[in-house]
Structure formats: structure tokens, C-alpha cells
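These notes are about the structure you will find just below.
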Amino acid sequence: MRPQRILLDLDGVCNRSPMSFLKYVGCPVDDYSYRDYPVGCGWDLVEAANRLHPSRKFSVGEFWDTIDRRAWATAPESAEFKWLLGHCEALVGRKSICILTSPTIDPDCLAGKLEWIHSHFPKWMHRQFLIGPRKHFCARPDALLIDDADHNVAAFREHGGQAILVPRPWNSLIGTDTFQHLAEQFDALSRRELTV
Ligand SMILES: [Mg+2]
């Protein structure tokens, strides 16, 4: 079935927050590139920070305490962001796209994410978002999740939804060309029939 609604992840998909957070806490990384992300850290951003930082070792709490509202609000856009939004619009139309983003336990995270949405998305997307950690609650056969987390993609599929995993160095598609992969996925979806 061709998807008729799209749930679009924010962090690591529309923006570069994992890399910009590493820079924010003092790691010597280029946040416009993924080349500095330590291979083998997977989803463990704190472990990545501890491998990269020249002098500090963060506990999980210390690391996330450093990531304040400004850090969430000011993460740069990903290279794919505008392209991706355009392809989502072409596939399902403006009214059927919704941002779906999981917060940390810090209220500043929610505020920063909302700031990010308002300063980077076009106005027609400003009221099309859901913030919550259980993304699979949105799964249904005609729904497509676009996300950079293997566990979110797996759970969404297990609950009957469709999903595209966005290649990043912290997920199982490490080494895959992101634009090429996304283009192939969208091309395949657009060829599908509208109903089963
Ligand atoms: Mg993400």
C-alpha cells in the first residue's frame, strides 16, 4: 500500500542534533559532517562524547543536563531536510505530514523542539507535530515513519506501520549513502498502488 500519511522524526533526520550536541558539550567535531562520529558507539551519545572529549568524562545525567533548551533549539538542519520535506509533500500532500519526535525527561527539551519546528519548518507545518516517546502508537498500514533509530523503525513495523530508516553512522545503515537510499525508498513508494 502506498502511504497516505507520514510521521517525520526531527532529531538526526531533519536536524543534526546528535553531532551538534557533541560539539555543544565541547567535543572537537564538525557538526556539519558525520565523519567524526565514533564508529561502534551506536545510539550511545554519551559514550561518543566520552570518547571524543579531550578532558571530560560525562555521566549520563551530566551529559543531558548540559543539553539545554538552546541546544535543542539551535541544532543545524540536516543536508536532507528540505529535500525530504519536499518528497513527503509530493507523496502524501501537506495535510498528511506530521512531525513525530520523542523528548527526553527535561521540559526544556520540549520547548527547544517547538522552537526548532517554528524556526525551520514552513508555516503550514507549525501545527502538525506530535511529541511523545511511543512512536509505534501512530503505526497503521497506511502510515510511514521516517526515522534514524532502528528501535523506532522496528517497533513501528511490528505494530503494522511502514518505515524508512534514514542512514546515519549510529544506526544499522552506517556506510549507506543517505540521499541515494532515501531517493530509492521514495521512488519505490511512489510506484505503489494507493490501496492494497
Ligand atoms: Mg531521531
Minimum heavy-atom distance between [X] and [Y], given as atom pair plus value:
{"X": "R2", "Y": "L91", "result": "CD-CD1, 4.0 Å"}
{"X": "P28", "Y": "D36", "result": "O-OD2, 4.3 Å"}
{"X": "W72", "Y": "D108", "result": "CD1-O, 4.3 Å"}
{"X": "Y37", "Y": "L45", "result": "CE1-CD1, 3.8 Å"}
{"X": "A75", "Y": "W116", "result": "O-NE1, 2.6 Å"}

Distance-only criterion, 3.5 Å: show the donor-acceptor pairs between side-chain atoms of residues 132-141 and protein atoms not counting sequence neighbours.
from	atom 1	to	atom 2	distance (Å)
K135	NZ	D9	OD1	3.0
K135	NZ	L100	O	3.2
K135	NZ	D147	OD2	2.6
R140	NE	D142	OD1	2.7
R140	NH2	D142	OD2	3.0

Heavy atoms of other groups near R192 CZ, more than 12 under 6.0 Å: yes

Can V13 be reached from L22 by stepping across I, L, V, M, F, W or Y side chains whose heavy atoms are under 4.5 Å apart? no

Would you kindly confirm whether I117 and I146 end up in one hydrophobic cluster when ILVMFWY residues are joined by side chain heavy atoms under 4.5 Å apart? yes

NZ/NE/NH1/NH2 to OD/OE distance under 4.0 Å, [X] and [Y]:
{"X": "K23", "Y": "D30", "answer": "no"}
{"X": "E80", "Y": "R168", "answer": "yes"}
{"X": "K82", "Y": "E77", "answer": "yes"}

Please confirm whether H126 and F121 have ring centers closer than 6.0 angstrom. no

Check the pair D106 / W64 against side chain to side chain donor-acceptor pair (under 3.5 Å), numbers first and verdict last. CA-CA 8 Å; D106 182 357; W64 289 109; over 6 Å; no

Take S96 and R94 through the side chain to side chain contact (heavy atoms under 4.5 Å, CB included) test and state the conclusion after the steps. CA-CA 6 Å; S96 299; R94 287 185 175 185; over 6 Å; no

Are S17 and N15 close enough that a side-chain donor and a side-chain acceptor fall under 3.5 Å? yes

Have D31 and Y24 got a donor and an acceptor in their side chains that come within less than 3.5 Å? no

Hydrophobic clusters join Ile, Leu, Val, Met, Phe, Trp and Tyr when side-chain heavy atoms are under 4.5 Å apart, directly or via other members; which others share one with V153? L165, L173

So CZ of R51 and SG of C27: to nearest 0.5 Å the spacing works out to 12.0 Å

